[in-house]
Each structure stands twice: as structure tokens, then as C-alpha cells.
Protein chains: 2
Amino acid sequence: MTRVTLAEVARQAGVSQTTASFVLAGRGEEMRISAQVEARVRQAAHESGYRPNVVSRNLRTGTTHTIGFVSDTVATTPFAGHLIWGALDAAREREHLLLIAETEGDPDLEKELIESMRDRQVGGIVIASMYTRWTTVPKGLLEGKSVLLNALPSKPCPVAAVVPDEAEGGRDAARTLLRAGHTDGIYVVGVGTKPGQVPKGGVAAVERLAGIKEVLSGAGVSLAGGALLKDWQPRDGYEASLRLLGRKPEPKALICLNDRVSVGAYQALEDKGLKVGRDVSVVSFDDEPVASWLRPQLTSIAIPHYELGRKAIEVLLDGGHSPPEGTVYRVPMPIRERESVGTPP
Amino acid sequence: MTRVTLAEVARQAGVSQTTASFVLAGRGEEMRISAQVEARVRQAAHESGYRPNVVSRNLRTGTTHTIGFVSDTVATTPFAGHLIWGALDAAREREHLLLIAETEGDPDLEKELIESMRDRQVGGIVIASMYTRWTTVPKGLLEGKSVLLNALPSKPCPVAAVVPDEAEGGRDAARTLLRAGHTDGIYVVGVGTKPGQVPKGGVAAVERLAGIKEVLSGAGVSLAGGALLKDWQPRDGYEASLRLLGRKPEPKALICLNDRVSVGAYQALEDKGLKVGRDVSVVSFDDEPVASWLRPQLTSIAIPHYELGRKAIEVLLDGGHSPPEGTVYRVPMPIRERESVGTPP
DNA sequence: CCCTAGAGCTAAATCGGATTAGCTAGCGAG
DNA sequence: CTCGCTAGCTAATCCGATTTAGCTCTAGGG
């Protein structure tokens, strides 16, 4: 039951603990351990089922091969689990494990958890947000390596950040519409078109809208209007779309700021007897699973959760020296073109 | 930059390291440390911003206040993140953190990860599955505390398991239909009605069906038929439902084995010009977010992810002595009654 | 025959706390 | 005056690795 220790292995192999340590650390060559002794040690270790006690190694080396992953809520966003997944994969490739915790948005708890992780000598900390947003960097963070994931520091600070390239995503949404021939009756659902008409804290909303406007105006097209929503749930999207469908110019395309809003938009269009993709095109963001369940299937700009998670770990663990600290890494948002965008009637 | 150690605190307080240790461990009273000395130590610790090095404590005490959470895939099931959430909450209440890893269904990787966690001296391991299923218990597990989460051991073994009470969920689904007055034309979508017509590995399918049959036959009602599906995605549900809608007796109620299948069923019903809740009732399982996005909103038996996660940690950390090992804990599946069940026409 | 150099190992220190086994001073009893 | 006891604290060991600083022995050069 009690684990075999290195000392035990050394005794069985008839060598000193030092020698055993060198051999098992792969430093046998370097330390000029003879092939015979090396073999004896390896055999003893193997036969006894020796597994090093990582904790003691940690104590000596000061490195735990562990990364702290602190998120606000893993729970509420489905598929945000992909964030963790990507991080997990990248961490495992580097022989690290993830120590995770959740703050539920409580700054005190966040601080406490970060300290708790530092106490455990983690090699770095990822502060993840499930929605892209601005965040105040807890100062405890600065005392070691860290990265913001899906969040941007609200004031300049030396911590790197990894976020989706929302602006480019917005541009892609607009391009898709232009390519299909849309030039008017384009509305956004989720934000207003005037500055400041944006849900608070939402990086995504601001940047997506900026990208959309940029490409449209580059083509001499402007948004016909928009609807600021407090929440981005199907019900909100439904009500807003219904209102928008009464407006002039007649809506020919809706850019929904997320897929849930799109679900509502589909329902509003159905109620009005309008056919998605024929009468009115819809482009969306996030690419939740529901996007491909809708009929017609929804064209959506995906949040690259997996890649975001990976990137955060890469930034934390690989180099991280060369790029100036405070760098913002933007991960491309792939567009999933499906059936909801068509040529305007 | 270098952390303050206990020795440093002791020096500042002018006492021995032993004394400082006793005071900060809250054993001052017990060890008859005078109030003055105690105060001096506390002050020194506070002023220097002392934080104990958890790793070294771990080494001595052999306990890391960490639980290993190994899952097959956190990623693919949305809201399975709630599993982690519940576990995280319960762990934090007990001053533990979670070390997580993912096996992606690879048994070798699973074994390796479990060992890796044991090497880190975790206090216990949760083996989580994202879908309720039977699983072979990796024998490495038995060498320490562990719990299966959302999974059952395929052969008897001393490891406890925490799973949703699928059978009772099935009973609830049937009861809901009976209560609304359904007595015939009840079909299941996802499994066949004959023994063995069940997707492989699926505990959920088997137990839900058993519960459904039990209650129905108790009321002298029998299932009119079913459709075995390999996968439980909307497309599968759509096709199966379409086929079922041509069968006799005429379908009056569909019990869909999950919400995705229900999405497909809704679409099939719509294509046939049938109205959910009026012409055909639908009961579902899982209660994914989409259940409340559908029109009419879908009645669904929820998977209690959060509670499952909590329970697993509780079983692992609290006592765990008294109940016979190998116990299966069943967590109730709450039914979310919405609008998709109506009186048969 | 002595000295040096390297090959091949090992003793001992170290990481930072937790814990065990004392040690000392002071007081009261005998 | 001595012994015993206790309050109040400390020295030393331990946890299980890693790592530094040697130590020993043999072979070769002078």
C-alpha cells in the first residue's frame, strides 16, 4: 500500500539514492553511470513499480508542472467547455495538468483562488472569462506568469491576453452579406447602430459591430438599423426581430449578434411568413450546436473556444519572453457558411 | 519576489520555527504558547505577507487538498460543464481544488492520467463520464479513494458510483403522459421497444425505457412502438419521427430520449402539419437549453449535472466509511414541465 | 614510484513546513 | 535543599526527491 520510494529502489539495486536519482532522471550518461548499474537501477524501479513522489520533487525543484485555470463560470455557457478542452490538450502536450477553480464573478473569491494557486506553486495562471469582456486584472496576478483568456484588461497592464478576433469576425459577417448581393435593409440584432448602444462589458458586441460597419461602409453600404438588447436570449431576439420587421427600409438581412438571438429571429420570421435565406438572410455569431439544427441551417461565425484554450497555455508556457508583455493575441473566428444567407429578392 | 518562509517569520518574531508553526497552525493553545508570543508570531506573519508553501506541507502531511477529476470529454456535451461546476463548489467548500484531465475515451491515457494524479498525491479521484454509461474500472483506481460519476462499473467492484436516477426519470416521463390522459399511440424515439434494441453502452437508454414501461404497464398501457437510433441528433430524430408518423396506431405521444431528438421530432411534426401539444404530445430527456427555446416549449426530464458533480465530491470526501463500498448513489432527475404535453385529441 | 586525470559513485545538504522528543526555568511540596 | 511538575519553548528529525561537492580507484605519464 505504501508507495515505493527512491531510497527503496536504490537499496534494491545496491546503489546510492543519488545514483538511482540520476539514472531515473535520464542523467545517467551525463553522470557517467555504467551501463550495468544503470540497468540494475532501471530494473529495480520497474520491478518494484516505483513511481516518483511528485510532491517531493516539486518541493525541491519549485516547479509543479501545473497550471491554474481560473474561470468566472465554466457552467453557464455550453461549449465553453471547449476552452478547457483546448487548454487541457495543450497542457498535456507539455506534461502539465490543470488545477481549476471558478469564481462565479466574485472578485474576492478570485483573489483568494489565485493566491491559493500560487501557494501550490503553479507554473502560471489562466484567468478565463466565458464571454469576451473587459476585466480588471487582480493585482495578485502580476506576481507570476499569467494570461487573460477571452478577456481584455480594462487598463493597460503587462499581462498578455488571448481573445477571438471579433472585429475580423464582424468583417466576415458583412462580407458574406455583400457577397450574396445585399446592399440595403441590413439590420443588426443585439446592438444599436449608434455609439454606446452596446450591452455593458461586452467586447464582442463593440468589436463585431465595428468590423461590420467597416466592411459595409467600405462598400458604400450602411446599416439600416439595429436593436439594442439587454440580454441575448431567443426571447429577446424574437421580440426585437418582430419590431425590426415592421421598420423601413424593409429588412433583407439580419446580423444577429449570437445564435440564441438568431433562434428568436427565425421564429419571428416564421410568424411573419417570411422564409429565411430567401426573403430575409441571417448571419449569426458563436456557432453553437443549435445553428446546425435550425432549418435552414444557420450561417454563423464561430467562437474558436478550443483554439483559444490552447493558445492561452501556449502563451503561458512557451517562451513568452520575446513578445512584449501585454500583447493581445487574436484568434481567428472561422465562418461556418450554411444556408441562411441568400441573394436578396 | 522570493516568498517569505516560515523560518523567516520565526526569525522576525524572535521565536523558533517550531513555535511559529504551532501558532500558525492554530495549535498555540494546545502547545501552551503564551499570548504574547502568539501575537508576535501572527504579527510577523502578517507584516511579511507570509503564505505557507503548500507543496512542502503536502510533502510532510501526505495530503494535498486536491481531488483529481478525470473525464472522458468535458467538451462535447454542452452543460456537462455543470458537472464540473457542482464538483468545484463542493470541493471548495471542503477547501479542495480540482486537478482535471481528459481522456477522450482512451483507456491507456486514462490509466496514465490516473497514475499521474496519484503521483501528485491527490486525495481522491472522480472518474466522470459525460453520458451515463457502463465503464470498465481501471484497476489503478482501486489503489486509493475514487468515485465513478455518471458511470456504472460494468462488473461488480468496490468503487462507488453516482448516476442520475434514469429509471425514475423514465417513470416520470410516463406518468406525465398518463396524467394528461394518454393511453395509446405512445412511441419512444431513440430506442426500440424490444429487449436489446438499445444503443450500446447506454445506461440511460436502458433504464429510461425500463422506467417508462414499468409505469405504463402498471396502468395497463403499452408502448405502440419505438425507433432505435444509432445517434441521438436532431437529424436522426427527424427521420425516425417522420417514419413513426406513418405508423398505426396513429402517434399521439412521443417520448424522445433526448432533447436533440426532440428538435428533430418537432421538425417532423411541423412538416406533417401536426401541432405539438395538441395533436401530438412530446416528452423529452436532458433539458438542454434548447428545450425552452422550442415553440411550444418542451417538457423535459433534466439531467442534474450540478448535483451529480456535488454528490461525487461529497461521497469522496465525507465519511465514505459507513456505506458499503460499491454503493450506487442515484440523483433524482427533476422534470421541467412546459408546454409540449397536452390532452390527446 | 609518484602524481594527475578521469571514470564511477556516494555523502550530505536542500526545499519548507510538520511533528516528536526534549530542555529549561520557576514554583510548590516535602 | 531537593525533587517533581508544569508552563513555555526549541532542537532535531522527517517527508522524498534533487543536486552539489566530494571521494575512491584505476590507468597512464613522467
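Keep in mind the model is a prediction, meaning the values are calculated, not measured. Proteins come first, then strands; the chains are lettered A, B, ... in the order of their sequence lines, and each starts at number 1.
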5'-most by nearest nucleotide on DNA chain C - E38(A) or S56(B): E38(A)

Is any N or O donor-acceptor pair between the side chain of R32(B) and the base of dA7(D) shorter than 3.5 Å? no

For a quick check under 3.5 Å, do E166(B) and T132(B) share a side-chain donor-acceptor pair by atom type? yes

Contacts of type ring pair (Phe, Tyr, Trp, His ring centres under 6.0 Å), residue H82(A), not counting sequence neighbours: F79(A), W85(A)

E29(B) CD to dC9(D) C1', straight-line distance once rounded to whole Å: 16 Å

Quick note, T18(A) side chain, CB onward, closest among dT14(C), dG17(C), dT20(D) is dT20(D)

May I ask you to verify if any side-chain N or O of T19(B) is less than 4.0 angstrom from the OP1 or OP2 atom of dT10(D)? yes

On DNA chain D, nearest-nucleotide positions of T61(B) versus V37(B): which is more 5'? V37(B)

Between K111(B) and D108(B), is the closest basic N to carboxylate O distance under 4.0 Å? no

Atom-pair distance (CZ on F22(B); C1' on dA7(D)), nearest Å: 14 Å

Q17(B) (side chain) and dG17(C) (base): donor-acceptor pair under 3.5 Å: yes

Check the distance between dG8(C)'s C1' and R40(A)'s CZ and give it to me in whole angstrom. 12 Å

Contact class for V15(B) (heavy atom, under 4.0 Å): base, sugar-phosphate, or nothing? sugar-phosphate

Please state how far atom CD in E30(A) lies from atom C1' in dC9(C), giving the value in whole angstrom units. 14 Å

Rounded to whole Å, CE of M31(B) lies from P of dA21(C) at a distance of 12 Å

Audit row: R42(A), E38(A), salt bridge (charged side-chain N to carboxylate O under 4.0 Å, His left out) steps and yes/no: CA-CA 6 Å; R42(A) 287 193 188 288; E38(A) 173 134 5; 2.8 Å; yes

Can you tell me if Y50(B) touches the phosphate of dG17(C), counting only side-chain N or O atoms and a distance under 4.0 Å to OP1 or OP2? yes

When we call it a touch if two heavy atoms are under 4.0 Å apart, what does V41(B) touch: a base, just sugar-phosphate, or nothing? nothing

Per the atom types in the model, does the base of dA7(D) pair as donor or acceptor with the side chain of S34(B) at under 3.5 Å? no

Nearest to the side chain of S21(B), heavy atoms from C-beta on, is which of dA17(D), dA18(C), dG16(C)? dA18(C)

When rounded to whole Å, the CZ to C1' distance for the pair R120(A) and dG17(C) reads 15 Å

dC9(D), dT19(C), dC9(C): which one has an atom nearest the side-chain heavy atoms of R60(B)? dT19(C)

Donor + acceptor pair across side chains of N150(B), S129(B) (<3.5 Å): no

Flag, side chain of R94(A) to backbone of A90(A), donor-acceptor distance under 3.5 Å: yes

Any donor and acceptor pair, going by atom type alone, linking the side chain of N58(A) with main-chain N or O of V55(B) inside 3.5 Å? no

Output the rounded distance in Å from CZ (R11(A)) to P (dG16(D)). 14 Å

Picking from dG17(C), dT19(C), dG16(C), the nucleotide nearest the side-chain atoms of L59(A) would be dG16(C)

Classify the side chain of R57(A) and the base of dT18(D) as holding, or not holding, a donor-acceptor pair under 3.5 Å. no

Whole angstrom is fine here: how far is it from CZ in R27(A) over to P in dA17(D)? 16 Å

Phosphate-side-chain proximity, T5(B) and dG16(C), N/O vs OP1/OP2 below 4.0 Å: no

To 10°, what angle do the rotation axes through the five end pairs on each side of the helix from dC1(C)-dG30(D) to dG30(C)-dC1(D) form? 80°

Whether R3(A) side chain and R51(A) backbone form a donor-acceptor pair below 3.5 Å: yes

